[in-house]
Participant: 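Handing you a structure now.
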Amino acid sequence: MWKALPVFSRALAAFRDNDFEQALILAQQAHEQQPELLVFAEAVTYLTRLNESGKQDVYLNDEGFRAFIRGGGNVPLYRAVSAALQEVYRSYDTLNLLDVGTGDGRALLPALTDNIRHLTVLEPSESLLRQLRRQLDEHGVSHEAHCAPFQYFTQMQAGSWDVIEATFSLQSIPPQERASALTWGRQHGKRVLLVEFDAPDLTNIMAIETIRYIVERYEQGVAEYAEDRALVAQGFLMPMMFGYFDCSQHRTNYEQPVAQWIQEFQAAGFTTVDAALIYPYWWAAAYIIDAS
Ligand SMILES: C[S@@+](CC[C@H](N)C(=O)[O-])C[C@H]1O[C@@H](n2cnc3c(N)ncnc32)[C@H](O)[C@@H]1O
């Protein structure tokens with residue numbers, strides 16, 4: 001099915017070397033060999049724009065991100081995440097809860113139950129925290145809010161919680177800072193819940209198997225959007241996909257396989273660490289890790 005992968009991998013190599021003209025020529029060849037594949041067609045559009053108007057004009061845009069997050073597999077993914085969290089909350093008579101990297105509350109808000117006695121939210125982005133707090137206030141949910149990265153919070157605050165949870169946020173913490181974050185979680189939480197993707201190891205980014213994984217998955221991702229396809233593909237998915245191959249981009253995401261998360265929890269002293277699949281998302285399956 002992927003006969004044009006070798007030529008497309010050469011396009012990615014040229015992109016990595018900042019030879020955008022050559023990247024476009026090779027991507028066009030991949031598209032001609034397999035015109036039925038969406039990912040090659042979108043890559044050609046992206047590289048054409050890049051050649052015409054430069055990198056700054058083809059970067060992630062808010063509109064593209066918003067259409068992405070509100071559509072496709074993100075809808076069932078988030079429904080599954082909130083349901084998995086709520087199932088845990090319901091197993092308590094009362095609980096106090098800390099949510100780390102809450103964002104605007106997309107996962108947390110639909111999960112909230114009446115038995116949460118005390119809710120603490122932590123979010124380093126001021127604007128996301130503002131949106132979150134407004135919604136919590138609208139729903140009459142009393143809460144304590146902190147605007148800080150988890151690494152700062154762990155140094156400033158002492159407290160203890162029945163459940164500490166983080167959905168797709170600990171992937172932002174660099175590997176060298178993660179052990180102390182998880183150890184703090186064990187010391188301050190009776191139970192830690194982590195929701196993350198079982199992401200591939202992307203260390204060897206130019207290996208043909210890594211490229212195959214990325215390209216096959218992005219084909220699925222693009223296909224999940226029909227009406228908004230051009231907006232989502234050009235404003236979010238292509239910048240993300242090419243971003244893996246852009247040496248000049250500063251890394252802000254450290255996803256990893258679930259097996260690696262489990263090892264890190266065990267190394268931080270958790271004795272029971274269970275992982276369960278919650279949704280087979282296009283990029284990678286999403287799991288909930290339940291550690292105590
Ligand atoms: C992909 S979003 C997930 C948001 C939310 N938990 C959800 O599931 O919708 C990642 C969140 O982690 C936050 N974040 C980034 N670095 C962080 C850090 N060092 N400590 C805590 N949160 C962080 C971001 O601001 C963002 O809101």
Side-chain angles (χ1 to χ4, degrees), residues 60 62 64-89 97-112 116 119-136 141 143-157 159 161 163-185 188-189 192-199 221 236-237 239-240 243 250-256 261 264 278-279 281-289:
L60 302 171
D62 281 355
F65 175 71
R66 275 199 298 273
F68 163 74
I69 199 83
R70 292 207 188 109
N74 281 302
V75 176
L77 168 69
Y78 266 91
R79 206 180 294 132
V81 173
S82 299
L85 297 178
Q86 193 173 76
E87 193 182 327
V88 173
Y89 306 160
L97 174 67
L98 166 64
D99 188 290
V100 175
T102 316
D104 64 359
R106 208 172 140 67
L108 175 70
L109 289 168
L112 289 173
I116 298 170
L119 171 66
T120 310
V121 290
L122 168 73
E123 169 53 49
S125 153
E126 270 180 43
S127 68
L128 288 175
L129 187 64
R130 209 175 310 118
Q131 289 175 46
L132 169 70
R133 297 204 68 185
R134 198 181 53 236
Q135 295 184 79
L136 286 169
V141 181
H143 61 276
E144 183 182 325
H146 298 270
C147 191
F150 190 35
Q151 300 93 315
Y152 288 101
F153 182 76
T154 57
Q155 281 162 29
M156 293 171 339
Q157 290 286 327
W161 289 269
V163 175
I164 298 176
E165 68 187 22
T167 60
F168 308 118
S169 55
L170 291 201
Q171 56 179 250
S172 303
I173 296 184
Q176 65 277 17
E177 293 170 24
R178 229 183 262 143
S180 60
L182 292 182
T183 302
W184 185 93
H188 295 263
V192 174
L193 300 176
L194 180 82
V195 175
E196 284 292 345
F197 294 119
D198 187 19
F236 187 73
L237 291 174
M240 285 292 290
H250 175 59
R251 194 167 172 188
T252 55
N253 180 291
Y254 307 88
E255 286 182 322
Q256 58 182 14
W261 282 111
E264 290 181 8
I278 52 175
Y279 187 72
Y281 190 63
W282 64 265
W283 167 240
Y287 280 79
I288 185 162
I289 297 177

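Atoms within a ligand are numbered from 1 in the order they appear, just like the ligands themselves.
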Participant: Is there a polar contact between ligand 1 and Tyr78, counting only N or O atoms under 3.5 Å apart?
Facilitator: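 Between Tyr78 and ligand 1, an N or O pair is found under 3.5 Å apart.
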Participant: Between ligand 1 and Val100, is the shortest N or O to N or O distance under 3.5 Å?
Facilitator: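 The answer is no, given that Val100 and ligand 1 share no N or O pair closer than 3.5 Å.
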Participant: Counting heavy atoms only, which part of Asp99 comes closer than 4.0 Å to ligand 1: side chain, backbone, both or neither?
Facilitator: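 The answer is neither.
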Participant: Check this for me - ligand 1, Leu128, N or O atoms closer than 3.5 angstrom, yes or no?
Facilitator: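 In fact, backbone or side chain, Leu128 has no N or O that close.
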Participant: Do me a favour and list the nearest non-hydrogen protein atom to atom 10 (C) of ligand 1 with residue, atom name and distance?
Facilitator: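 Going atom by atom, the protein heavy atom closest to atom 10 (C) of ligand 1 ends up being Phe168 O, 3.3 Å.
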Participant: I'd like to check whether Ser125 has a polar contact with ligand 1, where a contact means an N/O of the residue lying under 3.5 Å from an N/O of the ligand.
Facilitator: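 By distance alone, the answer is no.
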Participant: Give the residue, atom name and distance (to 0.1 Å) of the protein heavy atom nearest atom 12 (O) of ligand 1.
Facilitator: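 So the nearest neighbour among protein heavy atoms is Ser169 CB, 3.3 Å.
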Participant: For atom 23 (C) of ligand 1, tell me which residue out of Pro124, Ser82, Ser172 has the closest non-hydrogen atom.
Facilitator: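 Checking each option, the heavy atom nearest atom 23 (C) of ligand 1 is found in Pro124.
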Participant: Starting from atom 11 (C) of ligand 1, what is the nearest protein heavy atom, named by residue and atom, and what distance separates them?
Facilitator: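 Heavy-atom neighbour on the protein nearest atom 11 (C) of ligand 1: Gly101 O, 3.7 Å.
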Participant: Among all protein non-hydrogen atoms, which one is nearest to atom 19 (N) of ligand 1, and what is the separation to 0.1 Å?
Facilitator: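 Looking at atom 19 (N) of ligand 1, the protein heavy atom closest to it is Gln151 OE1, 2.9 Å.
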Participant: Tell me the contacting part of Ala166 for ligand 1: side chain, backbone, both, or neither, using a 4.0 Å heavy-atom threshold, strictly below.
Facilitator: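 The answer is neither.
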Participant: Only heavy atoms count here, so choose which of Ile173, Thr167, Thr252 is nearest to atom 3 (C) of ligand 1.
Facilitator: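 Comparing heavy atoms across Ile173, Thr167, Thr252, the nearest one to atom 3 (C) of ligand 1 lies in Thr167.
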Participant: Is the Tyr78 to Tyr279 ring centre distance short of 6.0 Å?
Facilitator: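 Here the rings of Tyr279 and Tyr78 have centres that are no less than 6.0 Å from each other.
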Participant: At what distance is the nearest protein heavy atom to atom 13 (C) of ligand 1, and which residue and atom is it?
Facilitator: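 Here the nearest protein heavy atom works out to Glu123 OE1, 3.8 Å.
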Participant: Which bit of Gln171 is near ligand 1, meaning a heavy atom under 4.0 Å away: side chain, backbone, both or neither?
Facilitator: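 Looking at Gln171 and ligand 1, no heavy atom falls under 4.0 Å.
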